[in-house]
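Computation of the quantities below employed the complete heavy-atom set of this structure, encompassing side-chain atoms and omitting hydrogens, waters and symmetry-equivalent molecules. Please read these numbers as outputs of a predicted model, since none were measured by experiment.
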Amino acid sequence: MSQEGYKSQSLDSQIDLRYIFRTLKKNAVFILMCVCLTGMFSYVILDHSLKDTYTVSVNLCVIPRDNTSEKLAETNIENALERSVNVLNSDTMRDQIMKASGSSRVKGNLSASVVADTNIIRMSASGTNAESAYKLLKGALQQYPELSDYFESGYVLQSLSSISANNVQKTEKATLRYSLLLILLVLAGGIGATVCLCIFTDKIHSMEQAKRLLDIPMIGSLDYVKKKSGQKALLISDQDTDHVYEEAVDRIVTSIRSEMSAEGYKTLMVGSIKENDGKSTVTANIALNLARRGKKVVLVDCDMRHPSLAKIFDATVDPKEQFSEYLLGKCELDQVLKQMEVQAHPMDCIWQKKAVAKPYRLLGSERFISLIDQLKEQFDYVVMDTPPLELIRDAEIISETADAMLMVMRQDEVHAVAVNDAVDLLEENGVTVIGGVLNMTKGERDTSKDRDGYRKYYNENAKIENAGE
């Protein structure tokens with residue numbers, strides 16, 4: 001599906017207010033920073049460029065030369081008022097003032113308007129200082145009689161009051177008001193742009209949207225869980241880990257086993273599109289859950305550029321007995337295959353401690369292919385943590401040895417088009433993408449009622465499964 005297709009489907013769906021709120025919260029610092037900078041710079045610039053304004057006004061009355069009924073008619077007076085205002089506001093008036101003053105330009109603004117429901121015209125002059133405003137209005141009063149030919153015939157303009165320097169009104173520059181207006185515009189623009197991006201994006205932000213846009217089944221989601229103080233990693237083998245999170249992992253593993261058992265698959269690669277999607281933690285917990293069910297599991301760290309499983313399990317790794325050393329032929333399988341206990345159940349691991357340059361050469365070797373075949377014979381499940389698909393082709397090479405693949409996607413971070421492109425590539429290599437997991441979700445479901453009653457679930461569930469098999 002094209003990018004336009006994803007956007008069209010997003011528009012057809014309901015607006016996800018929770019996603020919009022999360023995105024606004026995420027971008028709040030950036031928006032507020034733009035608002036603060038706009039306010040600061042606009043105030044400085046406006047304060048420097050804007051000036052105080054001084055205004056002086058005088059009232060003129062439009063009256064007929066004689067008191068004939070025709071001249072006193074309301075329609076005719078309105079026409080005379082309109083004609084007079086047009087003349088007073090015209091360029092001809094300004095030219096006449098410049099000619100009389102001998103100046104090349106008129107400093108300030110001159111305007112005239114009709115006082116509602118009267119035959120009075122208010123003429124005002126404004127400038128950056130009181131003197132210029134006063135001189136401009138005085139010049140206008142002296143020169144408008146020279147334009148009598150342009151006024152309505154039969155009518156004259158008569159000044160009702162004289163101008164005085166005491167009548168000059170000062171209007172202080174509205175620097176603060178304009179700065180606040182710009183701040184509100186930037187704030188509204190930032191919020192509006194964010195909302196529009198949320199509406200038109202194809203980033204995966206909910207299970208419902210993922211099911212609609214992705215070409216793979218969604219087999220579960222994992223809530224965002226904050227690690228407790230002193231907790232190094234979010235592992236289901238840790239008693240401090242939230243039990244709702246454990247239950248979610250168990251449901252995901254149940255779906256994985258169902259899919260793999262139906263096809264007779266034994267090797268599972270767990271990957272993601274981008275970095276920091278939490279796929280290594282998900283991989284570790286899948287292996288732990290399978291081991292707790294009594295399955296023979298081997299966990300292999302195939303992410304040799306950024307290995308993290310040893311760090312997650314806080315495992316001590318001899319540099320001479322890490323995975324890359326085996327693939328280089330410097331040690332044997334029994335030296336790199338390490339066993340650990342998971343709640344009285346064994347689980348084997350192949351660690352990688354240090355990053356390796358150009359690992360695709362090792363992962364594409366016959367020794368790696370032979371190793372996977374050997375592990376499939378010894379174990380019920382081979383679970384591999386693989387590098388992100390978007391950055392490098394290591395995962396593509398690993399997929400040639402895997403039966404199935406699980407896609408881990410962090411909420412609000414991955415585009416649907418990128419996921420579907422990766423799925424197409426993997427399936428061309430012969431690996432079946434059995435499903436996707438939406439990781440680190442917020443607001444997907446109400447878990448407040450699910451936080452009790454799960455402590456005994458896993459041991460009882462493992463006993464039932466083992467008894468059934």
Side-chain angles (χ1 to χ4, degrees), residues 232-238 241 246 249-250 252-254 256-257 260-261 264-271 279-304 307-354 356 359 362-363 365 367-387 398-399 401-406 458-459 462 465-466 469:
K232 295 183 178 180
L234 191 66
L235 296 176
I236 60 175
S237 57
D238 190 336
T241 299
E246 293 185 58
V249 171
D250 190 78
I252 290 170
V253 173
T254 299
I256 291 173
R257 286 194 59 203
M260 295 185 69
S261 298
Y265 295 154
K266 301 188 71 174
T267 56
L268 173 70
M269 60 179 288
V270 182
K279 53 118 179 124
S280 295
T281 300
V282 174
T283 307
N285 284 317
I286 289 173
L288 287 171
N289 186 280
L290 288 170
R292 192 156 58 181
R293 293 170 184 245
K295 304 303 176 183
K296 292 182 64 179
V297 182
V298 58
L299 177 61
V300 185
D301 194 344
C302 296
D303 190 352
M304 295 187 180
S308 56
L309 288 179
K311 182 179 180 181
I312 289 175
F313 284 96
D314 196 23
T316 301
V317 183
D318 186 341
K320 297 181 180 180
E321 296 180 349
Q322 57 183 341
F323 190 27
S324 58
E325 295 297 300
Y326 170 81
L327 294 178
L328 290 170
K330 296 181 179 180
C331 60
E332 297 303 320
L333 180 58
D334 58 348
Q335 293 177 273
V336 297
L337 201 58
K338 307 297 180 180
Q339 191 172 87
M340 58 184 297
E341 293 291 326
V342 181
Q343 297 176 342
H345 296 289
M347 184 178 79
D348 289 85
C349 303
I350 297 179
W351 307 117
Q352 179 65 32
K353 185 68 173 179
K354 296 182 179 180
V356 176
L362 300 177
L363 296 171
S365 65
R367 192 169 176 84
F368 176 74
I369 298 173
S370 177
L371 169 68
I372 299 302
D373 291 337
Q374 189 174 348
L375 294 176
K376 289 169 67 174
E377 295 178 0
Q378 297 181 23
F379 295 91
D380 298 326
Y381 294 97
V382 181
V383 181
M384 297 179 285
D385 183 29
T386 60
I398 296 170
S399 68
T401 63
D403 297 324
M405 192 268 188
L406 179 71
Y458 300 100
N459 290 333
E465 287 193 351
N466 291 334
E469 295 180 3

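- Applying the salt bridge (charged side-chain N to carboxylate O under 4.0 Å, His left out) test to residues at least two apart or on different chains, the pairs with a partner in residues 308-321 are K232-D314, E321-K338.
- Residues satisfying the side chain to side chain donor-acceptor pair (under 3.5 Å) test with T401, not counting sequence neighbours, are none.
- One distance of note links OG1 of T267 with CE of M260; it measures 6.0 Å at 0.5 Å rounding.
- The side-chain heavy atoms of L363 and M304, taken from C-beta on, include a pair separated by under 4.5 Å.
- Among K376, R257, K296, the one residue that satisfies the side chain to side chain donor-acceptor pair (under 3.5 Å) test with Y381 is R257.
- Counting all heavy atoms, side chain and backbone alike, L288 lies closest to S237 at CD1-OG, 3.7 Å.
- In terms of heavy-atom proximity, A287 sits nearest to L299 at CB-CD1, 4.1 Å.
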task: May I have the step-by-step check of side-chain contact (heavy atoms from CB on, under 4.5 Å) for F323 and L371, ending in yes or no?
output: CA-CA 11 Å; F323 190 27; L371 169 68; 3.2 Å; yes
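- In this structure, the separation between CD1 on I256 and OH on Y265 is 14.0 Å, given to the nearest 0.5 Å.
- With sequence neighbours left out, the ring pair (Phe, Tyr, Trp, His ring centres under 6.0 Å) criterion links F368 to no other residue.
- The side-chain heavy atoms of P387 and I398, taken from C-beta on, include a pair separated by under 4.5 Å.
- Counting all heavy atoms, side chain and backbone alike, M340 lies closest to C349 at SD-SG, 3.7 Å.
- In terms of modelled atom types and a separation under 3.5 Å, the side chain of Q322 and the main chain of V317 share no donor-acceptor contact.
- Nearest approach of K266 to D380, heavy atoms of both residues: CE-O, 3.5 Å.
- Between V300 and L375, the shortest heavy-atom contact is CG2-CD1, 4.1 Å.
- For S280, the side chain to side chain donor-acceptor pair (under 3.5 Å) test picks out S308, D385, with sequence neighbours left out.
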Side-chain donor/acceptor pairs under 3.5 Å, residues 324-337, sequence neighbours excluded:
unit_1	atom_1	unit_2	atom_2	d
S324	OG	Q352	OE1	3.4
S324	OG	Q352	NE2	3.2
Q335	OE1	E332	N	2.8

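- A donor-acceptor distance shorter than 3.5 angstrom exists from the side chain of S365 to the backbone of L362, with no hydrogens or angles considered.
- Taking CE of M405 as the start and CG of L268 as the end, the distance is 9.0 Å to the nearest 0.5 Å.
- With sequence neighbours left out, the side chain to side chain donor-acceptor pair (under 3.5 Å) criterion links D301 to no other residue.
- Separating the NE2 atom in H345 from the CG atom in N289 is a distance of 10.5 Å, to the nearest 0.5 Å.
- The two atoms that bring P307 and K353 nearest to each other are CG-O, 3.6 Å, heavy atoms only.
- Not a single donor-acceptor pair under 3.5 Å links the side chain of D303 to the backbone N or O of L309.
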- prompt: Can R293 and D250 be said to form a side-chain contact (heavy atoms from CB on, under 4.5 Å), step by step?
  reply: CA-CA 10 Å; R293 293 170 184 245; D250 190 78; 3.0 Å; yes
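- For N285 (side chain) and T281 (main-chain N/O), a donor-acceptor pair under 3.5 Å exists by modelled atom type.
- For the atom pair CD of E246 and CG of L234, the computed distance is 9.0 Å after rounding to the nearest 0.5 Å.
- Side-chain atoms of I286 and L406, non-hydrogen and from C-beta on, do get closer than 4.5 Å to each other.
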